[in-house]
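Each remark here refers to the structure printed beneath this line.
The figures that follow rest on heavy atoms only: side chains count, while hydrogens, waters and symmetry mates do not. What you see is a predicted model; the values in this text were computed from it and never measured. In the text below, chain A, chain B and the rest are named by the order of the sequence lines, each starting its count at 1.
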Amino acid sequence: MNSKSRYAWAYLMIAPTLIGTLVFWSWPAVYSIYLGFLKSENFGLVSHWVGLANYERLFKDAEFWQNLRNTMFYVVLFVPATIVLSTLFAVLLNAKIRGRSIYRVIYFLPQVTMAAAAAMVWVIIFAQDYGLLNSVLGTHIAWISDKRFAMYALVMVGVWGSIGFNMLLILAGLQGIPRPLYEAAEIDGAAGFRKFRSITLPLLTPTLFFTSIVLVIGATQIFDSIYLIIGKTNVALPAVRSLVYAYYQNSFIYYDQNYGAAIVNILLLINLILTGIQFLLQKKWVVYD
Amino acid sequence: MSSAVSAKHRSNLIIHLILIAGAVVMVLPFLWMVLTSLKTTTEATQIPIAILPAEPSLRGYMDALKQSPFLHYYANTLMAAFMKTTFPVIFSAMAAFAFARIRFPGRGLCFFLIISVMMIPNPVFYTPQYLMMSKLGLVNTVTALWITSLVSPFATFLLRQFFLGISKELEEAAVLDGCNPFQIFIHIMLPLVKSALVAVVIIQLLWSWNELQWPLIINSSPEKLTLSAGLATLVSMFGTDYPVLMAGAFMAVIPMLVLFFIFQRRFIEGVAFSASKG
């Protein structure tokens, strides 16, 4: 077969994905950046170039900074909690115990559950008067409408929904650690936590690093649980509103697409920086065996 | 020796206790969903809380089905999930094969253009996609639910990793037999990456079944919503009629739960597998 016809086949086979990606994903991304420099009137019928005006407004907007802080606060609570609990359960499941596959299935359940359905049941569990959580704890906390607690409620739901998947990733990482290392350590008299600290943890860093970065990127985009659990009329909304929620609110409730685009473009910048850090650190910091 | 055995026994017991505690927390919301869906409205909001329904009733299910466009949600979700699974899997497999196994001018650039969108958070795409749908007159249609997702850069990236790992010999024999690249792809390569294809099908299916934000943005008529977006509106329709809400939630998750229980190994391995390659 000559190379011309091989090329033709190659172009034909990549064409749907390439064209689809360029039209429906790459172009919109470029257009979103462009939208951030415009101001439209009459529901988008007329637009004119305003330069950095949307961003100037954004940086002067106390609500934007609050939303950014909320997003970061969520990341800071959610990611370490998920990593610690996922690692704990992965280490326990890595022990030679019975029923491992049953535990794996149960822990994975939240992963196949629609966020909307899960959110609805959590709302009922969090209810102040007749909620399961307050009954079990013997408290009377307004988990989702008290601004001191709403964020923790969201973190709880987030962690519940993420452990199964991340535990599996960490478990795969654990299973990649050679057994003889542990046996050698046992001969040297190391046990329990000591083994975990000096063998498991260092050799698990690549996995933990990869898992954390993916979690951070995902967590900066939190929207579903705020929309579903907190809701737009909740007094606690300002205390948990994320960048993506603010984007949604400005673009599709207030119909200010340009201001919304400016918000989401800041999120894009944050994510690109995170991806860059991931790329650089992956080369330098991680201990590959 | 016996003390070593009993120490081992004890530590296993502790491990099980912690794992069971975790498992209870994982399952509890499902259990609560089902129990609440079978209660009466008063039972669902009584103090102190009633754990079991005194007389389990299906009233919640009947009301959810009769008083909301639930069957529309179902049909729309099925349609969107079907389109967003079938096409991306076919297109991605083709593209991934070409990127991995054929050398052609512009290969690096085309691949970069495709995978570069993976770094971009989804909400960045939504407003321009909305404006595009609006130009095409597709806002508030079932088509809009899936038309922007007929391709998947992630699946392309993932499957390419698998195609890269296949040895060259099989392919060379086929070339000698006069097969063109497409025949090699269909007859030789596809069967070899079957498990990766299954993983991609599962990921696409789960993701499109559960997706919330895009359906919420693009469609607003109740009969054009998906289950995810529809459930969010049930709250405003039924307020604190918790049995109805929970019946709706349970009916929405049941298809994926059933698939998960049938193909649990495939699900778990597929998802973990793809993440480790991704």
Check: A/Gln111 and B/Met256 side chains under 4.5 Å, non-hydrogen atoms:
no
Please classify the contact of B/Ala96 with chain A as side chain, backbone, both or neither, using a heavy-atom distance under 4.5 Å.
neither
Could you pull out the closest heavy-atom pair between A/Tyr107 and B/Ala23, with the gap in Å?
OH-N, 3.3 Å
First locate atom CZ of A/Arg6, then atom CZ of B/Phe104, and finally report the distance between them rounded to the nearest 0.5 Å.
10.5 Å
With chain B as the partner, which of A/Tyr31, A/Tyr248, A/Phe108 has the greatest number of non-hydrogen pairs under 4.5 Å?
A/Phe108
Whatever's closer than 4.5 Å to a heavy atom in chain B on A/Leu274 counts as neither
Just so I know, are the side chains of B/Leu150 and A/Phe24 near enough to count as touching, which here means a heavy-atom distance under 4.5 Å?
no
Contact class of A/Ala95 relative to chain B, heavy atoms under 4.5 angstrom:
side chain
Which atom names give the shortest non-hydrogen contact between B/Met33 and A/Val121, and what distance separates them?
N-CG2, 3.7 Å
Against chain B, label A/Ser251 side chain, backbone, both or neither, depending on which of its atoms sit under 4.5 Å from a heavy atom there.
side chain
Close side-chain approach of B/Ser149 to A/Trp25, heavy-atom, < 4.5 Å
yes
Which bit of B/Ile20 comes within less than 4.5 Å of chain A, counting heavy atoms only: side chain, backbone, both or neither?
both
Is A/Ser135 close to chain B through its backbone or its side chain, or both, or neither, when contacts mean heavy atoms under 4.5 Å?
side chain
Test item: A/Tyr247 and B/Thr127 side chains (from C-beta on) under 4.5 Å apart, heavy atoms:
yes
Mind checking whether A/Leu168 and B/Ile268 have side chains closer than 4.5 Å, heavy atoms only?
yes
Given 3.5 Å as the limit, does a donor-acceptor pair link the side chain of A/Tyr103 with the main chain of B/Gly22, or not?
no
Hey, does A/Met13 have a side-chain heavy atom less than 4.5 Å from the side chain of B/Phe182?
yes
What pair of heavy atoms forms the shortest contact from B/His16 to A/Arg98, and how long is it?
CE1-O, 3.2 Å
Contacting region of B/Leu206 [heavy-atom separation from chain A under 4.5 Å]
side chain
Let me know if A/Ile263 has heavy atoms under 4.5 Å from chain B in its side chain, its backbone, both or neither.
neither
Between A/Tyr11, A/Phe89, A/Trp122, which has the largest tally of heavy atom pairs under 4.5 Å with chain B?
A/Tyr11
For A/Tyr34, which atoms come within 4.5 Å of any heavy atom of chain B: side chain, backbone, both, or neither?
neither
Region of A/Leu92 that comes under 4.5 Å of a non-hydrogen atom in chain B
both
pair A/Phe223-B/Leu216: side-chain heavy atoms closer than 4.5 Å
yes
Centroid-centroid distance, A/Phe252 to B/Tyr130, less than 6.0 Å
yes
Tell me, do A/Val123 and B/Val235 make a side-chain contact under 4.5 Å, heavy atoms counted?
no
Partner chain B: residue of A/Leu228, A/Asp224, A/Thr275 with the largest heavy-atom pair count (under 4.5 Å)
A/Asp224
Okay, B/Arg107 and chain A: the region with an atom under 4.5 Å from a heavy atom over there is neither
